[in-house]
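Model, not experiment: these values are computed from the prediction.
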Amino acid sequence: AIRALRDRTGLPIYFTLDAGPNIHILYPDHVKKEISDWSAEILKVLPDNCYIIKDHIGVGPKRIKYEV
């Protein structure tokens, strides 16, 4: 479905799989609305025990001061 969307629309959407049954959908922020609309439609067929975690790139690590 992701490849078909990319081929049909030219949107920069990609995916990767981790060691488990988890699909990670990757896309830049500027296409968030289009991807959100598509995913709401395509993913509604998921069973009730499945869930979606939306995440984004953070600002990177921060040094914390450790005191004893």
Side-chain angles (χ1 to χ4, degrees):
I2 293 169
R3 286 181 182 141
L5 176 67
R6 184 176 58 229
D7 291 346
R8 186 177 75 250
T9 64
L11 290 172
I13 180 173
Y14 305 92
F15 68 94
T16 185
L17 305 170
D18 63 14
N22 304 309
I23 299 170
H24 300 266
I25 301 174
L26 310 168
Y27 55 88
D29 272 347
H30 72 274
V31 295
K32 189 176 189 176
K33 169 81 169 94
E34 294 93 331
I35 302 301
S36 182
D37 293 346
W38 168 82
S39 66
E41 182 63 28
I42 203 81
L43 299 177
K44 69 182 179 184
V45 298
L46 291 175
D48 290 337
N49 64 344
C50 293
Y51 55 93
I52 298 169
I53 299 172
K54 295 183 179 184
D55 199 359
H56 62 278
I57 296 174
V59 295
K62 289 173 59 176
R63 183 179 295 255
I64 57 173
K65 187 175 182 179
Y66 178 74
E67 294 183 27
V68 181

Could you check Val31 against Ile13 for side-chain contact (heavy atoms from CB on, under 4.5 Å), going step by step and ending with a plain yes or no?
CA-CA 9 Å; Val31 295; Ile13 180 173; over 6 Å; no
With Asp55, which residues qualify under side chain to side chain contact (heavy atoms under 4.5 Å, CB included), at least two apart?
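Partners of Asp55 under the side chain to side chain contact (heavy atoms under 4.5 Å, CB included) test: none.
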Can you sort out the partners of His30 under side chain to side chain contact (heavy atoms under 4.5 Å, CB included), two or more places apart, ordered by chain and number?
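Partners of His30 under the side chain to side chain contact (heavy atoms under 4.5 Å, CB included) test: Pro12, Pro28.
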Just checking Leu43: does its CG atom have more than 12 heavy atoms from other residues, nucleotides or ligands closer to it than 6.0 angstrom?
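Yes, because the 6.0 Å sphere around CG of Leu43 holds more than 12 heavy atoms from other groups.
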Please determine whether the number of non-hydrogen atoms from other residues, nucleotides or ligands lying under 6.0 Å from atom CD1 of Ile52 exceeds 12.
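Counting other residues, nucleotides and ligands, CD1 of Ile52 exceeds 12 neighbours.
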Say you draw a straight line from CG of Leu5 to CG of Leu11; how long is it, rounded to the nearest 0.5 Å?
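Between Leu5 CG and Leu11 CG, I get 5.5 Å after rounding to 0.5 Å.
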Ile42 vs Ile2, side-chain contact (heavy atoms from CB on, under 4.5 Å): CA-CA, chis, key distance, verdict
CA-CA 10 Å; Ile42 203 81; Ile2 293 169; over 6 Å; no
Which pairs with one or both residues in residues 9-25 pass side-chain hydrogen bond (donor to acceptor under 3.5 Å, both in side chains), sequence neighbours excluded?
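Found Asp18-Asn22, Asp18-His24.
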Linking I/L/V/M/F/W/Y whenever any side-chain heavy atoms sit under 4.5 Å apart, do Ile35 and Ile23 land together?
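Yes, Ile35 connects to Ile23 through the hydrophobic network.
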Same apolar cluster (I L V M F W Y, side chains within < 4.5 Å links), Leu17/Tyr27
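Same cluster.
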